[in-house]
Trainee: 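What follows is a structure written as structure tokens; I'll ask about it next.
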There are 2 protein chains.
Amino acid sequence: MQIGKIARATGTKVNTVRYYEEIGLLKPAPRSQSGRRIYADADVERLAFIRRARGLGFSVSEVRSLLEVSDAPNRDCKDAATLARNHLRRVEEQIEQLQAMRQELIGLARACDGGTATDCGIIGGLARKSA
Amino acid sequence: MQIGKIARATGTKVNTVRYYEEIGLLKPAPRSQSGRRIYADADVERLAFIRRARGLGFSVSEVRSLLEVSDAPNRDCKDAATLARNHLRRVEEQIEQLQAMRQELIGLARACDGGTATDCGIIGGLARKSA
DNA sequence: CTTGATCCTCCAGTAACTGGAGATTGTAAA
DNA sequence: TTTACAATCTCCAGTTACTGGAGGATCAAG
């Protein structure tokens, strides 16, 4: 299949597929006579794997590591497990940060009574130390 | 005061202060004879405002708008309120997304029994559609 | 008079794509 | 057969919000 099809099959943009090849997540696809990339079913699976990992927030370099493990079936998966655990921790930290932001934003919004900027709790809250 | 001091006072890097000037969040600071930027107390407050807004996740362009409102004391603050509400919604969406990721990651991690890559629930979970 | 700390400007790099220009190639209808 | 249109190709610039560094001036202290 050509690039458009594998892109559609995995919910990826065509440019992104080429980008993944460029950075080595996908190996260079063989070409047709006219130079178009040709993909096999296995490539769809690999790309889907990449997309799922990215969708879970793994960085490209982490995905690279995950693919390495995946490509070596006999390999111990502890690297993958470590990656996943660390990533989970990061995600949880982000959640906490965002929840703190949320609380502050709610506080700010509550302090806004719809008057002028001087009286506005949002502007005022940002301007004073006790945000 | 010079740039190092205002930077320290607001927990900003020196380069970042210059960057904010470059993109117009701070107006060009007057210079000493030798060309060094000179700041007043009001600039500390403005920079602190910027930092707090950024810390709450507002984008630079949103901060720009918030500053505009803040700079026009008689202006109706509804633009600021709208910005804050929209931003709050974005933050909440992000929290939800991250929580979904978190659940999936926990599921993946649980499926890993520490064996080889072939049997690993992490690799397997990423490889199969039902992640 | 020489450190060492600050400051200056300019520029490149980060992450992970995304979009577009300009040129081919493939296909299908008129 | 021509003509149109879709899909592909390569290359390159732009996005966000900084961050870090090179290379060079300036300043205060000892």
Side-chain angles (χ1 to χ4, degrees), chain A residues 1-26 28-39 43 46-67 83 86-87 90-91 94 97-98 101, chain B residues 1-26 28-39 43 46-67 83 86-87 90-91 94 97-98 101:
Chain A
M1 84 194 71
Q2 297 195 3
I3 197 168
K5 190 166 177 194
I6 196 178
R8 252 169 284 127
T10 56
T12 314
K13 303 204 173 174
V14 166
N15 273 343
T16 303
V17 179
R18 287 194 276 251
Y19 173 70
Y20 286 160
E21 177 178 310
E22 192 184 315
I23 64 173
L25 286 189
L26 297 174
R31 304 298 185 104
S32 74
Q33 286 211 323
S34 65
R36 301 191 169 188
R37 290 170 180 82
I38 304 296
Y39 296 93
D43 298 318
R46 189 181 182 85
L47 182 49
F49 182 105
I50 294 169
R51 290 262 101 196
R52 275 182 225 116
R54 293 283 305 120
L56 287 175
F58 288 102
S59 73
V60 161
S61 118
E62 288 165 339
V63 174
R64 213 186 296 274
S65 304
L66 291 170
L67 283 168
L83 270 177
N86 289 343
H87 180 49
R90 277 201 322 264
V91 167
Q94 282 178 50
Q97 273 207 4
L98 284 168
M101 285 185 194
Chain B
M1 83 194 72
Q2 296 193 8
I3 199 169
K5 190 166 176 194
I6 197 180
R8 252 170 284 127
T10 56
T12 314
K13 303 206 171 171
V14 166
N15 273 342
T16 304
V17 180
R18 286 195 277 253
Y19 172 70
Y20 286 161
E21 176 178 312
E22 191 185 313
I23 64 173
L25 285 191
L26 298 173
R31 304 297 185 105
S32 75
Q33 286 211 323
S34 65
R36 299 189 171 191
R37 289 171 179 82
I38 305 297
Y39 296 94
D43 297 319
R46 190 183 180 83
L47 182 48
F49 182 105
I50 294 169
R51 290 262 101 193
R52 275 182 225 114
R54 292 283 304 121
L56 288 175
F58 288 101
S59 73
V60 162
S61 118
E62 287 165 339
V63 174
R64 213 185 296 274
S65 304
L66 291 170
L67 284 168
L83 269 177
N86 288 342
H87 180 47
R90 276 202 321 264
V91 166
Q94 281 178 49
Q97 273 206 5
L98 284 168
M101 285 185 195

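The figures here come from the full heavy-atom set of this structure, side chains too, leaving out hydrogens, waters and symmetry mates. Every chain is numbered from 1, with letters handed out A, B, ... down the list of sequences.
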Trainee: Identify which nucleotide among C/dC7, D/dC18, C/dA16 has an atom closest to any side-chain atom of A/Val60, counting heavy atoms from C-beta outward.
Mentor: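 In terms of side-chain proximity for A/Val60, the closest of C/dC7, D/dC18, C/dA16 is C/dA16.
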Trainee: Can you find a side chain N or O atom of A/Ser34 that sits less than 4.0 Å from OP1 or OP2 on D/dT8?
Mentor: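 So the side-chain polar atoms of A/Ser34 never come under 4.0 Å of the phosphate oxygens OP1 or OP2 of D/dT8.
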Trainee: Report the distance from atom CZ of B/Arg31 to atom C1' of D/dA25, rounded to the nearest whole Å.
Mentor: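 It is 13 Å, rounded to the nearest whole Å.
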Trainee: When you measure from the side chain of A/His87 to the backbone of A/Glu62, do you find a donor-acceptor pair of N or O atoms at a distance under 3.5 Å?
Mentor: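 Pair absent, no side-chain N/O of A/His87 close to backbone of A/Glu62.
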Trainee: Taking for each residue the nucleotide of DNA chain D bearing the nearest heavy atom, is the 5' side occupied by B/Phe58 or by A/Gly4?
Mentor: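 The residue mapped nearer the 5' terminus is A/Gly4.
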Trainee: Give the nucleotide from the list D/dC18, D/dC9, C/dC8 with an atom nearest to the side chain of B/Arg54.
Mentor: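 The closest nucleotide is D/dC18.
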Trainee: Heavy atoms under 4.0 Å, any strand shown: does A/Arg51 hit a base, just sugar-phosphate, or nothing?
Mentor: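 Sugar-phosphate, backbone atoms only, no base.
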Trainee: Any side-chain N or O of A/Gln2 less than 4.0 Å from the OP1 or OP2 oxygen of D/dT8?
Mentor: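 It does, given that an N or O in the side chain of A/Gln2 lies less than 4.0 Å from OP1 or OP2 of D/dT8.
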Trainee: Using the rule given for side chain to side chain contact (heavy atoms under 4.5 Å, CB included), can you reason through B/Arg36 versus B/Arg31, listing the C-alpha separation, both sets of side-chain angles and the distance that settles it, and then say yes or no?
Mentor: CA-CA 5 Å; B/Arg36 299 189 171 191; B/Arg31 304 297 185 105; over 6 Å; no
Trainee: Could you pull out all residues at least two apart from A/Tyr39 that satisfy ring-ring contact (aromatic ring centres under 6.0 Å, His included)?
Mentor: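 Listed in chain order: nothing, the list is empty.
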Trainee: How many whole angstroms separate atom OH of A/Tyr39 from atom C1' of D/dA7?
Mentor: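 In whole Å, D/dA7 C1' lies 14 Å from A/Tyr39 OH.
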Trainee: How many Å lie between CD1 on A/Ile3 and P on C/dG26, as a whole number?
Mentor: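 About 16 Å, once rounded to whole Å.
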Trainee: Ignoring hydrogens and angles, answer whether the base of D/dT8 and the side-chain atoms of A/Arg37 contain a donor-acceptor pair closer than 3.5 Å.
Mentor: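 Between D/dT8 and A/Arg37, which were checked side chain against base, a qualifying N/O pair under 3.5 Å is absent.
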Trainee: Apply the test side chain to side chain contact (heavy atoms under 4.5 Å, CB included) to residues B/Thr16 and B/Arg51: give CA-CA distance (whole Å), side-chain angles for both, the deciding distance (0.1 Å), then the verdict.
Mentor: CA-CA 11 Å; B/Thr16 304; B/Arg51 290 262 101 193; 3.9 Å; yes
Trainee: Expressed as a whole number of angstroms, how long is the span from B/Glu62:CD to D/dT16:P?
Mentor: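 Distance check: B/Glu62 CD to D/dT16 P gives 12 Å.
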Trainee: Check whether B/Arg64 reaches the backbone of B/Ile23 with its side chain - one donor and one acceptor, N or O, closer than 3.5 Å.
Mentor: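 It does hold such a pair.
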Trainee: Would you say the side-chain atoms of A/Arg90 pair up with the backbone N or O of A/Phe58, donor to acceptor, closer than 3.5 Å?
Mentor: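 Absent.
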Trainee: When rounded to the nearest 0.5 angstrom, what distance separates OG1 in A/Thr10 from CD1 in A/Ile50?
Mentor: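 One finds 9.0 Å between OG1 of A/Thr10 and CD1 of A/Ile50.
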Trainee: Going by number, which of residues 5-25 of chain A have a non-hydrogen atom under 4.0 Å from DNA chain C?
Mentor: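 Here the set is A/Lys13, A/Asn15, A/Thr16, A/Tyr19, A/Tyr20.
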